[in-house]
Amino acid sequence: MNEKEKQEYIAYLQSRKSSSRHNYYKESLKVIEHWKKDHPDQQPRIILHACCIVCACWPLDFLKENGFDVTVFFSNSNIWPKSEYDHRLNEVKRYLHERWNDDISLIVSSYDYEKYAETVIPERENDPEGWKSCFGCYAKRIDEAFAYGDANGYDFCTTVMTFSRQKDSEKINEIGLRLAAKYSRTKWFVSDFKKADGQEKSEAICDAYDIYRQDYCGCKTSYYERHPEKISE
């Protein structure tokens with residue numbers, strides 16, 4: 001990063017502490033209230049992008065408790081290596097079977113990390129985690145879920161990524177709202193799944209179902225940032 005880029009990044013980090021940020025948890029409750037008022041006899045259908053079951057378990061409970069017909073969309077070519085991708089996907093499948101008796105549908109998009117690294121996150125090694133390369137990564141995966149949702153008649157699209165403490169819910173919702181302009185039917189469901197004790201509720205679910213907890217976001221760069229001792233191996 002050059003000096004200009006560093007200053008831009010610092011300004012962004014400072015903005016994350018601003019009091020003018022939205023409370024997307026409260027806004028999500030308003031969306032639910034409006035839907036129930038406007039569609040009293042209709043269950044809203046939502047396509048939920050999920051990166052792992054650690055982040056998805058509580059959002060699934062929240063959405064089901066609030067009357068949504070949920071489909072999980074697993075689109076995560078950012079995850080490296082393939083064995084880690086398979087592990088996270090298998091945990092999603094196991095949880096949906098054990099907790100939800102396979103009553104929640106799962107859509108799995110194709111996986112190609114090498115192409116993804118070349119086309120979506122080619123500058124990731126030069127960016128800190130949670131910066132512009134990551135924003136592009138969020139947008140790519142959300143957009144894939146949006147495209148599927150719009151083509152298949154879903155009312156809403158959202159992502160479990162707002163659950164993570166490491167990710168900026170303001171930015172993720174900004175991306176989702178921008179992408180929604182591309183689609184004629186499916187709307188963006190604003191969220192901040194970490195709010196209202198979401199983290200604590202997830203911990204309890206993870207303990208109850210012995211869920212695998214990964215310790216890095218997904219891509220090769222994030223793996224080595226978390227495990228610098230592995231670089232020379």
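Just one residue in the list W35, F68, Y25 forms a ring pair (Phe, Tyr, Trp, His ring centres under 6.0 Å) with F189, and that residue is F68.
With no hydrogens or angles considered, no side-chain donor-acceptor pair links K194 and S164 at under 3.5 Å. Side chain to side chain, R88 and N76 fail the donor-acceptor criterion of an N or O pair below 3.5 Å. Between the side chains of Y216 and E129, not a single donor N or O lies within less than 3.5 Å of an accepting N or O. Side chains of T162 and S191: a donor-acceptor N/O pair is present below 3.5 angstrom, by distance only. D155 and H39 share no side-chain donor-acceptor pair at under 3.5 Å. In this structure, a donor-acceptor pair under 3.5 Å is absent between the side chains of Y138 and D168.
When atom types are taken as modelled, the side chain of E5 and the backbone of N2 share a donor-acceptor pair closer than 3.5 angstrom. Under a 3.5 Å cut-off, the side chain of T119 and the backbone N or O of K115 do form a donor-acceptor pair.
Judged by the 6.0 Å and 45° rule, K182 forms no cation-pi pair with F146.
Here the CG-CD distance, from D192 to E27, works out to 10.5 Å after rounding to the nearest 0.5 Å. For the atom pair CH2 of W58 and CZ of F163, the computed distance is 10.0 Å after rounding to the nearest 0.5 Å. Taking OG from S77 and NZ from K82, the interatomic distance works out to 10.0 Å, rounded to the nearest 0.5 Å.
No continuous path of hydrophobic side-chain contacts links Y154 to W188 [ILVMFWY only; heavy atoms under 4.5 Å]. Hydrophobic clustering places I175 together with F156 (ILVMFWY residues linked when any side-chain heavy atoms are closer than 4.5 Å, directly or through intermediates). In the hydrophobic clustering of this structure, V72 does not group with I107; members are Ile, Leu, Val, Met, Phe, Trp, Tyr whose side-chain heavy atoms approach within less than 4.5 Å, directly or through other members.
Here E203 pairs with R213 in a salt bridge; the nearest charged N to carboxylate O distance falls below 4.0 Å. Ion pairing between a basic and an acidic side chain is recognised when a charged N comes within 4.0 Å of a carboxylate O; R94 and E91 show such pairing. Comment: K64 does not engage D69 in a salt bridge, judged by the lack of any side-chain N to carboxylate O separation of less than 4.0 angstrom. Classification of K4 and E8 as a salt-bridged pair fails, no side-chain N sitting under 4.0 Å from a carboxylate O. For the pair E144 and K140, the salt-bridge criterion is met [side-chain N within less than 4.0 Å of a carboxylate O]. Using a cut-off of 4.0 Å between Lys/Arg side-chain N and Asp/Glu carboxylate O, D102 and K93 are scored as not salt-bridged.
The two residues I79 and Y111 make their nearest non-hydrogen contact at O-OH, 2.6 Å. Here the closest non-hydrogen pair linking H49 and S75 is NE2-O, 3.3 Å. A50 and F74 make their closest contact through O-CD1, 3.4 Å (heavy atoms, listed as atom of the first residue, atom of the second, distance). Contact record, N173 with Y24: ND2-CD1, 3.3 Å, taken as the closest heavy-atom pair. Residues S109 and F73 share a closest heavy-atom pair of CB-CZ, 4.3 Å.
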